[in-house]
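Report on one structure; see the data block that follows.
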Amino acid sequence: WEERLKCFRHTLKHHCVAPAGADAKLAAFYGKLAELVRRHASQEAVRAVMHEHHGYAQRVQGGTPRGSIRSEAQSFFAGFCGPDGKCPEWLSAEAWKQICGARAQWIA
């Protein structure tokens with residue numbers, strides 16, 4: 001996931017910004033391109049989080065105490081939620097809500 005996130009951030013920073021002096025049509029194109037990248041990054045992030053979430057649930061069903069999963073979940077979700085608890089610029093608001101919901105189930 002870290003490598004994909006690096007690519008998404010690079011793409012948004014270097015390839016989804018309109019050149020200086022761009023007209024409104026060109027700026028709109030780059031804005032739509034940035035939204036496309038965010039949508040794809042969000043889908044990938046939610047997929048990765050749900051995969052991990054289901055793995056935690058299976059472990060709890062298998063008898064692993066929920067408390068022993070907490071520190072592992074904290075480390076995992078730190079990569080998605082960041083240090084400030086705000087939605088990252090590469091993630092959609094909807095995906096952010098899903099990720100925070102999954103996080104709350106393991107780190108409450």
Side-chain angles (χ1 to χ4, degrees):
W1 166 251
E2 288 80 20
E3 187 63 31
R4 285 184 181 192
L5 178 56
K6 182 180 171 183
C7 291
F8 289 133
R9 286 180 173 163
H10 172 86
T11 301
L12 284 167
K13 182 178 179 180
H14 296 285
H15 303 291
C16 295
V17 178
D23 64 4
K25 278 186 159 184
L26 189 57
F29 168 79
Y30 279 96
K32 288 179 183 179
L33 184 60
E35 286 304 312
L36 177 67
V37 172
R38 278 188 195 92
R39 186 172 61 234
H40 185 65
S42 296
Q43 290 170 348
E44 289 295 311
V46 168
R47 185 191 60 75
V49 165
M50 289 298 119
H51 178 76
E52 194 75 8
H53 171 73
H54 292 303
Y56 295 154
Q58 287 178 341
R59 288 170 52 195
V60 167
Q61 287 177 348
T64 303
R66 185 177 280 273
S68 67
I69 294 173
R70 185 172 291 125
S71 64
E72 186 180 336
Q74 284 175 332
S75 296
F76 175 76
F77 283 103
F80 292 93
C81 298
D84 59 4
K86 294 180 182 176
C87 182
E89 55 87 21
W90 54 267
L91 194 60
S92 71
E94 181 181 317
W96 174 247
K97 288 179 186 177
Q98 287 180 300
I99 290 170
C100 287
R103 180 182 180 270
Q105 292 184 14
W106 301 108
I107 303 178

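- Scored by the side chain to side chain contact (heavy atoms under 4.5 Å, CB included) test, Ala22 finds Ala18, Pro19, Leu26 as partners (sequence neighbours excluded).
- Identified under the salt bridge (Lys or Arg N to Asp or Glu O under 4.0 Å) test for residues 11-21, with sequence neighbours left out: none.
- With sequence neighbours excluded, the residues that form a side-chain hydrogen bond (donor to acceptor under 3.5 Å, both in side chains) with Arg47 are Glu44.
- Taking Arg66 as the reference, nothing meets the side-chain hydrogen bond (donor to acceptor under 3.5 Å, both in side chains) condition, with sequence neighbours excluded.
- The CD1 atom of Ile69 sits 9.5 Å away from atom CD of Glu52, with the distance rounded to the nearest 0.5 Å.
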Identify every side-chain donor-acceptor pair in residues 34-42 under 3.5 Å, counting partners at least two apart or on other chains, and give the distances.
residue: Glu35; atom: OE2; partner: Arg38; partner atom: NH1; Å: 3.1
residue: Arg38; atom: NE; partner: Glu89; partner atom: O; Å: 2.6
residue: Ser42; atom: OG; partner: Arg38; partner atom: O; Å: 2.8
residue: Ser42; atom: OG; partner: Ser92; partner atom: N; Å: 2.8
residue: Ser42; atom: OG; partner: Ser92; partner atom: OG; Å: 3.2

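- Partners of Ser68 according to the side chain to side chain contact (heavy atoms under 4.5 Å, CB included) rule, which considers only residues two or more places apart in sequence or in another chain, are Thr64, Pro65.
- Nearest heavy-atom pair, Leu91 versus Ala45, reported as atom, atom and distance to 0.1 Å: CD1-CB, 4.0 Å.
- Sorted by first and then second residue, the salt bridge (Lys or Arg N to Asp or Glu O under 4.0 Å) pairs involving residues 90-101 (not counting sequence neighbours) form an empty list.
- Applying the ring pair (Phe, Tyr, Trp, His ring centres under 6.0 Å) rule to pairs touching residues 45-72 yields His53-Trp106, Tyr56-Trp106, sequence neighbours excluded.
- Here the closest non-hydrogen pair linking Arg9 and Trp90 is NH2-NE1, 3.5 Å.
- Looking at residues two or more places apart in sequence or on another chain, you find a salt bridge (Lys or Arg N to Asp or Glu O under 4.0 Å) between Glu72 and Arg59.
- Residues in residues 12-33 take part in these ring pair (Phe, Tyr, Trp, His ring centres under 6.0 Å) pairs, two or more places apart or across chains: His10-His14, His10-His15.
- No chain of hydrophobic side-chain contacts below 4.5 Å, direct or via other Ile, Leu, Val, Met, Phe, Trp or Tyr residues, connects Phe8 to Leu33.
- Here the closest non-hydrogen pair linking Ala102 and Val49 is CB-CG1, 3.8 Å.
- For Cys7, the side chain to side chain contact (heavy atoms under 4.5 Å, CB included) test picks out Glu3, with sequence neighbours left out.
- The same ILVMFWY cluster, assembled from side-chain heavy atoms under 4.5 Å apart, contains both Trp96 and Met50.
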